[in-house]
Amino acid sequence: MTEVNQDIDLSLYMNESAIQDLGPVIEGVQVWGPVTNQDFRKTFLDWYDKESRRLPWRESKDPYRIWVSEIMLQQTRVDTVIGYYARFLSAFPTIKALAEAEEDQLLKVWEGLGYYSRVRNMQAAAQQIMADHDGIFPDNLADIKKLKGIGPYTAGAIGSIAFGIPVPAIDGNAMRVISRLFMINADIQKPANRKIFEAVGQYLVDPDRPGDFNQAIMDLGSSFETPKKAMPELSPLRDFTMATLTRTTDNYPVKSKKAKAKPVYYQALILQNAKGQVLIEKRTQHKLLNNLWTVPLINLGTSANQNLPANEKTAFLLAETQEAYGISPIFMRKEIGQVKHVFTHLIWHILLTYGQLKPVDEKKINDMITSGEADYAWVAPHQFEDYAFPTVQMKVWQAYEDYQKDNHHNIK
DNA sequence: CAGGCGTGGTG
DNA sequence: TCACCAAGCCT
C-alpha cells in the first residue's frame with residue numbers, strides 16, 4: 001500500500017491552524033472537512049485576485065490560446081515561453097492555420113524551445129479538431145483528452161481555464177503544493193501515485209472558479225512553495241499547510257531520482273562545396289531532434305575512441321563517411337573545434353572535422369538533392385532562415401565561426 | 001512502467 | 001562543474 005499521510009493526525013493541529021474540521025480519507029489521505037475547505041478556497045482565491053501574475057496567456061479565455069500556452073509551458077520556464085508565445089500565435093493565429101501549416105515552418109517557429117514532438121503533436125491535434133469538431137476546440141473533458149499531446153494535466157488545465165469545468169490540473173506544482181498541504185509521502189515520480197493527487201485535487205478545487213484555482217496553484221508553486229528555497233511562512237496558505245505547521249516543508253514532495261545522462265561521442269563534418277557553402281541534412285527517421293537539421297554527424301559510440309593514431313582516425317572517418325554518404329572528402333587532419341551539449345538523458349561530445357568535397361562528390365550530393373533522394377542542403381553561414389536547427393547545431397555553427405575567426409587564413 | 005524526449009536557469 | 005529543476009506526454 002502506498003504511504004500517504006496516515007502517520008499524521010490533523011486533529012492535533014486544529015487548535016493552532018486554520019483547520020476547523022476533519023473530512024474524509026481520500027486515497028489514504030486524511031483531508032480537512034467542508035468548512036475548512038470553503039475557508040481554504042476563499043483565502044486562496046482572495047490572494048490570487050490580489051497577487052496573481054499578469055501573463056500573456058491570461059489575457060484571453062480562447063481555448064486555442066490557452067492550449068498553445070499549456071503545451072509550451074510543459075517542462076519549460078515561463079520566461080522562456082514568453083519569448084515564443086506571441087510569435088507562434090502570429091504565425092499560426094487559428095487552429096485551421098496550425099492544421100494546414102508546413103511542418104518545416106512549424107519547427108522553425110519552435111526552434112530552440114525543445115521537446116519538438118510537442119509541436120508536431122499539436123499540429124496532429126489541430127488536424128483532429130478540423131476533422132472531428134469542425135475546427136472548434138472541444139468543450140468537454142473526454143474529447144479534449146483524446147487530442148494528441150494532451151494528457152491528464154493539460155486536459156484539466158484547458159478544461160478548467162477555458163471552459164470552467166470543475167477539475168484539478170495536476171502537474172508538478174500541484175503535487176508539490178498538495179503534498180505539503182497534507183504531508184503526503186507518496187513518490188510523485190511514480191505514475192501510479194498520480195491518482196492520489198488527482199483525487200485530493202478534485203476535493204480541493206473550487207467548483208465555481210476552477211480555472212483561477214488551478215492557476216493560483218501555479219503562482220503559489222512559483223513563489224512561496226518552490227521546490228528549493230521555499231518561503232512557506234509567507235504563503236497565503238501557511239495556516240492550512242501541514243508541512244509548514246510542522247516545519248517539514250523541505251521533506252515534500254517525495255521524489256525519486258532519475259538516471260543521469262550518458263555520454264555519446266560524435267564527429268561533426270563541416271563539408272564545404274566550391275561556393276563555400278556547408279552541407280546539412282535533415283534528421284528524418286530519428287526520435288531525437290526528428291526533422292531538424294544538422295551537419296552530418298558520425299556516431300562514435302559511447303567511448304571517445306580518440307586514442308587511435310591520427311592516420312587510423314582518418315581512415316575510420318573516411319570509411320564511415322563513405323558508408324553513410326557515399327563520398328570521400330579531403331579531411332583536415334586536425335579537428336577544428338569541439339562542442340558539448342547536454343540533453344535530459346544524453347550528453348553529446350562532438351569533435352568538428354573540416355573537409356572539402358571533390359567535384360565528383362559534390363555532383364553526387366547535388367544529384368541527390370535535385371532528385372529529392374535525400375534531405376541534404378547547402379547553406380552559407382548566417383543564411384539559416386529556411387531551416388530549423390536544434391541548439392546543438394547552433395553550437396556547432398558557433399564553434400566553426402570561432403575557428404574561422406582564430407585563423408584569419410580563411411578556409412575557402 | 002521506465003525511459004525517451006530539449007533547453008536554459010540556478011545554487 | 002554538476003545535480004536538479006520547469007505548467008508532461010508518449011511509447
Side-chain angles (χ1 to χ4, degrees), chain A residues 52-53 55-58 66-85 107 110-122 124-125 144-162 168-178 187-195 197-198 201 211 213-223 225-230 250 253 255-264 283 286-292 294 340-348 388-395:
Chain A
S52 68
R53 290 173 290 177
L55 299 167
W57 44 89
R58 289 182 177 175
I66 304 297
W67 177 33
V68 169
S69 75
E70 290 301 338
I71 299 298
M72 284 190 170
L73 285 162
Q74 287 172 4
Q75 302 293 286
T76 309
R77 309 182 104 80
V78 165
D79 289 346
T80 304
V81 169
I82 287 176
Y84 283 83
Y85 183 68
L107 288 172
W110 206 267
E111 180 182 77
L113 195 52
Y115 285 143
Y116 298 93
S117 65
R118 287 183 293 176
V119 72
R120 291 190 293 263
N121 289 340
M122 200 161 46
I144 294 173
K145 272 185 180 150
K146 287 181 190 146
L147 298 172
K148 187 96 169 169
I150 296 188
Y153 162 73
T154 305
I158 298 173
S160 63
I161 297 168
I170 304 300
D171 69 335
N173 284 305
M175 289 194 281
R176 186 169 61 255
V177 167
I178 294 172
D187 185 349
I188 66 169
Q189 196 69 41
K190 301 222 175 289
N193 287 332
R194 269 197 69 83
K195 67 174 190 298
F197 297 93
E198 291 272 9
F213 181 93
N214 287 330
Q215 295 188 85
I217 298 257
M218 307 301 170
D219 283 8
L220 190 70
S222 76
S223 54
E225 292 290 0
T226 48
K228 288 178 293 190
K229 304 191 64 150
D250 291 343
K255 189 178 185 183
S256 55
K257 295 182 199 302
K258 282 199 160 179
K260 73 174 215 181
K262 289 176 180 150
V264 186
R283 293 174 57 86
H286 288 258
K287 281 178 288 183
L288 181 60
L289 306 177
N290 191 42
N291 289 353
L292 281 81
T294 64
K340 177 186 168 191
H341 187 74
V342 180
F343 298 96
T344 306
H345 59 301
L346 295 172
I347 303 178
W348 279 10
F389 296 115
T391 294
V392 64
Q393 177 57 40
M394 299 308 277
K395 289 184 184 174

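Remember, it's a predicted structure, so these values are computed and weren't measured experimentally. Within every chain, numbering begins at 1; the chains are lettered A, B, ... in the order of the sequence lines, protein sequences first and strands thereafter.
- The nearest whole Å value for the distance from the CG atom in A:Leu147 to the P atom in C:dC10 is 10 Å.
- The nearest heavy atom of DNA chain C to A:Leu73 and to A:Asn121 marks one nucleotide each, and the one closer to the 5' end goes with A:Leu73.
- Counting only heavy atoms from C-beta on, A:Arg77 has its side chain closest to C:dC5 among C:dC2, C:dC5, C:dC10.
- Nearest to the side-chain atoms of A:Lys340 among the listed nucleotides C:dG8, B:dG6, C:dC2 stands C:dC2.
- When rounded to the nearest whole Å, the span between CG of A:Leu288 and P of C:dC9 equals 21 Å.
- Within 4.0 Å of A:Trp57, counting heavy atoms only, lies at least one base atom of the nucleic acid.
- In this structure, A:Leu292 reaches neither bases nor backbone, as no heavy-atom distance under 4.0 Å exists between it and the strands shown.
- In this structure, A:Met218 and A:Val78 have side chains that are not in contact, with every pair of non-hydrogen atoms separated by 4.5 Å or more.
- Counting any heavy atom pair closer than 4.0 Å across all strands shown, A:Val81 reaches no nucleic acid atom.
- A search for side-chain hydrogen bond (donor to acceptor under 3.5 Å, both in side chains) contacts involving A:Arg120 returns nothing, not counting sequence neighbours.
- Listed by chain and number, the residues in a side-chain hydrogen bond (donor to acceptor under 3.5 Å, both in side chains) with A:Thr76 are A:Arg118 (sequence neighbours excluded).
- For A:Arg176 and C:dC5, the CZ to C1' distance is 10 Å, given to the nearest whole Å.
- Dashed line: the shortest gap from a side-chain N or O of A:Thr154 to OP1 or OP2 of C:dC9 is under 4.0 Å.
- Within the nucleic acid shown, A:Arg194 has no heavy atom closer than 4.0 Å to any nucleic acid atom.
- Looking at heavy-atom distances under 4.0 Å, A:Leu289 makes contact with sugar-phosphate atoms alone, never a base.
- Pairing each heavy atom of A:Tyr84 with each of A:Leu113, the nearest pair is OH-N, 3.3 Å.
- Counting non-hydrogen atoms under 4.0 angstrom, A:Ile150 reaches the backbone sugars and phosphates but no base.
- Computed from coordinates, the A:Asp79 CG to B:dG9 P distance equals 9 Å when rounded to whole Å.
- In this structure, of C:dA3, C:dC4, B:dG6, it is C:dC4 that holds the atom nearest to the side chain of A:Lys257.
- Between the OH atom of A:Tyr115 and the P atom of C:dC9 there is a distance of 12 Å, rounded to whole Å.
- Tested against A:Gln189, the residues A:Met175, A:Lys255, A:Lys257 include a single side-chain contact (heavy atoms from CB on, under 4.5 Å) partner, A:Lys255.
- Contacts between residues 388-395 of chain A and DNA chain B, defined by a heavy-atom separation under 4.0 Å, are made by A:Pro390, A:Thr391.
- Looking at A:Gln74 and A:Tyr153, their side chains never bring a donor and an acceptor atom within 3.5 Å of each other.
- A:Thr344 has its side chain within reach of A:Tyr115: a pair of non-hydrogen atoms, C-beta onward, lies under 4.5 Å apart.
- Classified by interplanar angle (parallel below 30°, tilted 30° to 60°, perpendicular above 60°), the ring pair A:Phe343/A:His341 is perpendicular.
- The separation of C:dC2 from B:dC5, taken at their P atoms, amounts to 22 Å, rounded to a whole angstrom.
- Here B:dG4 is the nucleotide among B:dG4, B:dA2, C:dG8 with the atom lying nearest to any side-chain atom of A:His345.
- As judged by a 4.0 angstrom heavy-atom cut-off over every strand, A:Ser69 is placed among residues making no nucleic acid contact.
- A distance of about 14 Å separates the P atoms of B:dG6 and C:dT11, rounded to the whole Å.
- Across all strands shown, A:Ala192 has heavy atoms under 4.0 Å from sugar-phosphate atoms exclusively, and none from any base.
- Of the side-chain N and O atoms in A:Lys148, one or more sit less than 4.0 angstrom from OP1 or OP2 of C:dT11.
- Between the P atom of B:dT7 and the CH2 atom of A:Trp110 lies a distance of 13 Å, rounded to the nearest Å.
- Atom pair A:Ile347:CD1 and C:dC4:C1' shows a separation of 13 Å (rounding to whole Å applied).
- Nearest nucleotide to the A:Lys260 side chain, out of B:dA2, C:dA3, B:dG4: C:dA3.
- Under 3.5 Å, the side chains of A:Asp219 and A:Ser52 contain no donor-acceptor pair of N or O atoms.
- Between A:Met218 atom CE and C:dG8 atom P there is a gap of 8 Å when expressed in whole angstrom units.
- Where A:Gln75 and A:Lys228 each meet DNA chain B at their nearest nucleotide, the meeting point lying more 5' is that of A:Gln75.
- Contact of A:Thr76 with B:dG8 (side chain to base): no donor-acceptor pair of N or O atoms is detected under 3.5 Å.
- Taking only side-chain nitrogens and oxygens, A:His341 comes nearer than 4.0 Å to OP1 or OP2 of B:dT7.
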